[in-house]
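Here it is, the structure in full.
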Amino acid sequence: MTEETPHPRPLLRRPRWTDLNGTWRFAFDDTDQGIAQRWFDSPDGVFDRTIEVPYPPESKLSGVADTSFHPVLWYERTFVAEIRADERLLLHFGAVDYRATVWVNGHKAGEHEGGHTPFTLDITEVVDLSTEWQTLVVRAEDEPTDTGQPRGKQTWNAEPSGIWYDRTSGIWQTVWLEPVPAVHIDQVVTGLAAADGAVDVEIVIDGVRDATGTVDVTLTLDGELHATCTVPVRSSQARCIVYARLFLPSLLNDHRPPILWTPESPTLFDVDVRLSTEAGTDEVTSYAGLREVSIADGAFRLNDRPYYLRMVLEQGFWPESHLAAPNDDALRREVELIKELGFTGVRIHQKVEDPRFLYWCDRLGLLVWGEMANAQMFSGEAADRFTREWLEVVDRDRGHPSVVTWVPLNESWGVPKIGTSARQQHYARGLYHLTKAIDPTRPVIANDGWEHTETDILGIHDYAPDGAGLRSRFGDADAVRRTLAGVGPAGRKLMLDHTNSQSNNGANGDGYSDVDGRPLVITEYGGLSYTPTSGQRWYGYRAVDSAEEFKRTFEDLTDALLQSPQVAGFCYTQLTDTMQERNGLLTEDREPKLPVEVIRDIVRRPSSAFPQELVDAHRRRAREAAEEGGPA
């Protein structure tokens, strides 16, 4: 697969699409009178300013830069509808925070609730092909103080403070048009059935009612055909799912197949799908990284090999554009920086990242933990809102090979009484099982950090100020047992349920964590606050005063985890400074606070959780592959 600027939906691409980002007309509606006054009919004088989409109005790059409370926002622009008589015109929104209503030419086209997930509207019936220009109006409702809304780290106060940041309201990902055939492909998801040596492809087809035809799927690598198959299409419903299975005999080899996806060798196959019915044809391109993730014997396993997790916490926030990346290049550069620092994975924190970021993780090789933006209170309504949006997240991203773990809840946010409330415990368990029902191929952590109900990985947050504190809690098997059985480092009970959720094997006792075979991963630690120049250095979990002290403390903390035979991985807090949170390895402008090679040397040191011969074998394979120009 060739590298290129990614499509706004990288996993399903057609060559014909129109980017609607750019300058839109814009208005605040603080008294919420726009619907009654029919602003969707674009009356003169209403849209009294402009905004640069997709940047939120709170950000500098939007041209508005207003962080005060504005619960209702209106957008307007015109566009040209270029479709043939036998086509449908789809209007796509990457993300609008939080509740969106859309009109085209004064006609309501649809609505969507959920600030982090995409939605698509078929606007064919409301475009007027007798005139060149069509009018598009969007109303975005984002109540700043609603703590029952999934909001992540967006503050609900007038000013950001502590670990909370400026809000991101309204349109904050790409808006685009796409003409499609009346019967067309809506989704392509590729998975791996390694035991059978097969690649499974799920194809969702829309508009297919009473149509018959075929779907042809081909799998190529660097232009070489590896597998192909044809499956029939027949449905009485408007929407159907077709499953194709392509066999790759090389997946059954005893040695590690070089075609498998890893961070060290992120091999991506091109997947071409052609739908043929009596109504016509539709062709889309996608891609696939063939890999398996599992847990066993206290280890996270990638392609059936123990894989030590070296991750960093990623807020995905830029000072000039907030949750929206400033440009496409910034998303790629973020992934490159993480890899240059020595990390092999990233935990996206309280944000659902732009699919183009996941594309670069797939393309360049970076493991991703997908996490949902949480609410800050619990109620039946809050649970309903969260669950609906979370299922959209899982469905959107389950085709990305880089995504290896799902994390719906973090640190009991949105379930503040989970330690004592049976209702909130049932909710967390329900999220675990619902996620596994939609995607059984990945580990799930229902509530990362502490107060675990059901989980495949024991993710613990521990901001010990020095390595001695981490060693006292995780240095050996006895220390781990005491820690998990007691009150955790944040004063929260770590385990609410000792029932094993998905271990493949029982306790090992000879390395890794021996608690039900599940891996123990320190999913937040560090948080060192250091500013190379004088001035701000809050908020962090420990302040250091010099580059030397920063290096020494970072090294002490990280070595304490690497030297534990019980710890299967770590996630350092955090990649970048973010607003008043000054605890990044990089500044908010992505400048390293220590030489990159110094950070990388510490992060990449071998772990005592792995037998030395395994480490040596991995290094030898990587070295030989590099010399031969092949995958590791």
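Just so it is clear, the model here is predicted, and its values are computed rather than measured. All values below were derived from every heavy atom in this structure, side-chain atoms included, with hydrogens, water molecules and symmetry-related copies excluded.
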The test is side chain to side chain contact (heavy atoms under 4.5 Å, CB included); show your working for Ser68 and His70 and say whether it passes. CA-CA 6 Å; Ser68 55; His70 296 289; 3.1 Å; yes
If only atom types and distance count, is the side chain of Gln574 paired as donor or acceptor with the main-chain N or O of Gly584 below 3.5 Å?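 Side chain of Gln574 to backbone of Gly584, a donor-acceptor pair under 3.5 Å: no, none is there.
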Do the two ring centres, one from Trp413 and one from Trp164, sit under 6.0 Å apart?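 Close enough - the centres of the two rings lie under 6.0 Å apart.
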Is the closest side-chain heavy-atom distance between Thr576 and Arg590 below 4.5 Å?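 Yes - at least one pair of side-chain heavy atoms lies under 4.5 Å apart.
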Polar side chain donor-acceptor pair, Asp448 to Thr523, under 3.5 angstrom: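 Note: Asp448 and Thr523 side chains meet the donor-acceptor criterion.
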In plain terms, say whether Lys436 and Glu454 are close enough for a salt bridge, that is, a side-chain N and a carboxylate O under 4.0 Å apart.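 Result for this pair is no, no salt bridge flagged.
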Please assess Asp456 against Arg442 for the test salt bridge (charged side-chain N to carboxylate O under 4.0 Å, His left out), listing each intermediate value before the final yes or no. CA-CA 9 Å; Asp456 297 330; Arg442 292 172 171 89; over 6 Å; no
Donor-acceptor pair, Arg604 side chain versus Ile602 backbone, under 3.5 Å?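 Not a single qualifying donor-acceptor pair exists.
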Is it the case that Arg332 places NZ or CZ above or below the six-membered ring of Trp360, under 6.0 angstrom from the centre and within 45 degrees of the axis?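 Cation-pi check for Arg332 and Trp360: passes.
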Side chains of Gln376 and Thr147: is there a donor and an acceptor less than 3.5 Å apart?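 Gln376 vs Thr147: no donor-acceptor pair found between side chains.
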Would you indicate whether the side-chain heavy atoms of Tyr307 and Leu367 approach each other to under 4.5 Å?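 SC-SC contact between Leu367 and Tyr307 confirmed.
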Between Lys60 and Glu320 (salt bridge meaning N to carboxylate O under 4.0 Å), is one present in this structure?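 No salt bridge links Lys60 with Glu320.
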Under a 3.5 Å cutoff, is there a donor and acceptor pairing between the side chains of Thr587 and Asp589?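 No - no donor-acceptor pair under 3.5 Å links their side chains.
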In terms of side-chain geometry, is the basic nitrogen of Glu340 or Arg333 positioned less than 4.0 Å from the acidic oxygen of its partner?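 Between Arg333 and Glu340 there is a salt bridge, with a charged N closer than 4.0 Å to a carboxylate O.
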Does atom NE2 of His433 have more than 12 heavy-atom neighbours from other groups under 6.0 Å away?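 Counting other residues, nucleotides and ligands, NE2 of His433 exceeds 12 neighbours.
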Under 3.5 Å, is there a donor-acceptor pair linking the side chains of Thr453 and Asn447?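 No, no side-chain donor-acceptor pair sits under 3.5 Å.
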For Lys339, is the NZ atom crowded, meaning more than 12 foreign heavy atoms sit under 6.0 Å from it?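 More than 12 heavy atoms, drawn from other residues, nucleotides or ligands, come within 6.0 Å of this atom.
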With no hydrogens and no angle check, is any side-chain donor or acceptor of Glu371 less than 3.5 Å from a backbone partner on Gln350?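 Yes; judged by distance alone, with no hydrogens or angles, the pair exists.
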Do side-chain atoms of Asn374 reach the backbone of Met372 as a donor and acceptor pair under 3.5 angstrom?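 Yes; judged by distance alone, with no hydrogens or angles, the pair exists.
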Can you see which heavy atom on Met495 is nearest to which on Leu484, and at what distance?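 Smallest heavy-atom distance, with atoms named: CG-O, 3.5 Å.
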Side-chain heavy atoms of Leu323 within contact of Tyr165, under 4.5 Å: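 They are not in side-chain contact.
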Going through the checks in order, is the side chain to side chain contact (heavy atoms under 4.5 Å, CB included) test met by Val415 and Leu409? CA-CA 8 Å; Val415 283; Leu409 299 175; 3.9 Å; yes
Evaluate the ring planes of Phe386 and Trp390, with Trp represented by its six-membered ring, and classify them as parallel (under 30°), tilted (30 to 60°) or perpendicular (over 60°).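 The rings of Phe386 and Trp390 lie parallel, inter-plane angle below 30°.
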Can you check whether Phe317 and His322 have ring centres sitting under 6.0 Å from each other?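 Yes.
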Taking only Lys NZ, Arg NE, NH1 and NH2, and the carboxylate oxygens of Asp or Glu, determine whether Arg605 and Asp601 approach each other closer than 4.0 Å.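 A salt bridge is present here (some side-chain N lies under 4.0 Å from a carboxylate O).
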Can you check whether Ala468's main-chain N or O pairs, donor with acceptor, with Asp466's side chain at less than 3.5 Å?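 The answer is yes, because a donor-acceptor pair under 3.5 Å joins these two groups.
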Report yes or no: does Glu58 contribute a side-chain atom to a donor-acceptor pair with the main-chain N or O of Thr67 at less than 3.5 Å?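 No, the answer is negative, given that no donor and acceptor are paired below the 3.5 Å cut-off.
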How close do Lys593 and Leu586 get, heavy atom to heavy atom, and via which atoms?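 Scanning both residues, the minimum pair turns out to be CE-O, 3.8 Å.
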Thr558 side chain to Val603 backbone, donor-acceptor under 3.5 Å: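 Pair absent, no side-chain N/O of Thr558 close to backbone of Val603.
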In plain terms, say whether Asp142 and Arg167 are close enough for a salt bridge, that is, a side-chain N and a carboxylate O under 4.0 Å apart.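 So Asp142 does not pair with Arg167 through a salt bridge.
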Tell me the closest heavy-atom pair linking Phe300 and Pro443, and the distance in Å.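 Closest heavy-atom pair between Phe300 and Pro443: CE1-CG, 4.4 Å.
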Side-chain heavy-atom pair Val293, Thr441 within 4.5 angstrom cut-off: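 Val293 vs Thr441: side chains apart.
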So, are Asp476 and Arg471 salt-bridged, with charged N and O less than 4.0 Å apart?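 No, Asp476 and Arg471 are not salt-bridged.
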Can Lys153 and Glu581 be counted as an ion pair, charged N to O under 4.0 angstrom?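 Here Lys153 pairs with Glu581 in a salt bridge, since their nearest N and O are under 4.0 Å apart.
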Hey, mind stepping through Glu524 and Arg347 against salt bridge (charged side-chain N to carboxylate O under 4.0 Å, His left out) and telling me if it holds? CA-CA 10 Å; Glu524 286 187 27; Arg347 178 176 161 226; 3.0 Å; yes
Begin from the C-alpha positions of Leu575 and Leu341 and carry the test side chain to side chain contact (heavy atoms under 4.5 Å, CB included) through to its verdict. CA-CA 10 Å; Leu575 179 66; Leu341 293 172; 3.8 Å; yes
Please name the residue in the list Glu334, His400, Lys351 that meets the side-chain contact (heavy atoms from CB on, under 4.5 Å) test with Phe357.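 Single side-chain contact (heavy atoms from CB on, under 4.5 Å) partner of Phe357 among Glu334, His400, Lys351: Glu334.
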Return yes if some donor-acceptor pair links the side-chain N/O of Ser59 with the main-chain N/O of Tyr55 below 3.5 Å, else return no.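 No; judged by distance alone, with no hydrogens or angles, the pair does not exist.
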Could you walk me through whether Leu520 and Ile460 pass the side chain to side chain contact (heavy atoms under 4.5 Å, CB included) check? CA-CA 8 Å; Leu520 171 66; Ile460 297 176; 3.4 Å; yes
Proximity of Tyr572 and Phe343 rings by center, below 6.0 Å: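 No; Phe343 has its ring centre 6.0 Å or more from that of Tyr572.
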Can Glu451 and Ser412 be counted as having a side-chain donor-acceptor contact under 3.5 angstrom?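 Ser412 and Glu451 do have a side-chain donor-acceptor pair below 3.5 Å.
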Could you go through Tyr525 and Tyr463, starting from their C-alpha distance and side-chain angles, then the distance that decides it, and tell me whether this counts as ring pair (Phe, Tyr, Trp, His ring centres under 6.0 Å)? CA-CA 5 Å; Tyr525 81 104; Tyr463 286 103; 8.2 Å; no
Residue pair Leu366 / Pro263, side-chain heavy-atom distance below 4.5 Å: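 No, side chains not in contact.
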Compare every heavy atom of Leu561 with every heavy atom of Phe570, then report the nearest pair and how far apart it is.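 Closest approach of Phe570 to Leu561, heavy atoms only: CB-CD1, 3.7 Å.
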Donor-acceptor pair, side chain of Thr262 and main chain of Glu264, under 3.5 angstrom: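 Side chain of Thr262 to backbone of Glu264, a donor-acceptor pair under 3.5 Å: yes, one is there.
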Looking only at heavy atoms, what is the nearest atom pair of Pro416 and Phe378, with distance?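 Nearest heavy atoms, Pro416 then Phe378: CD-CB, 4.2 Å.
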Just so I know, are the side chains of Trp156 and Asp146 near enough to count as touching, which here means a heavy-atom distance under 4.5 Å?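 No, their side chains stay 4.5 Å or more apart.
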Any donor and acceptor pair, going by atom type alone, linking the side chain of Arg518 with main-chain N or O of Thr455 inside 3.5 Å?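 The answer is yes, because a donor-acceptor pair under 3.5 Å joins these two groups.
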What's the verdict on salt bridge (charged side-chain N to carboxylate O under 4.0 Å, His left out) for Asp462 and Arg473, showing C-alpha distance, side-chain angles and the deciding distance? CA-CA 9 Å; Asp462 190 329; Arg473 286 184 282 276; 2.6 Å; yes
Could you check whether Arg552 pairs with Glu555 (Lys NZ or Arg NE/NH1/NH2 to Asp/Glu carboxylate O, under 4.0 Å)?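 Not counted as a salt bridge, because no side-chain N and carboxylate O are separated by less than 4.0 Å.
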Looking at Phe474 and Gln566, what are the two nearest heavy atoms and their distance?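 Of all heavy-atom pairs spanning Phe474 and Gln566, the closest is O-CB, 4.0 Å.
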Taking C-beta and beyond as the side chain, do Leu364 and Glu336 meet within less than 4.5 Å on heavy atoms?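 Heavy-atom side-chain distance check passes, below 4.5 Å.
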Any side-chain donor paired with an acceptor under 3.5 Å for Trp406 and Asp439?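 Judged by distance alone, the side chains do pair up.
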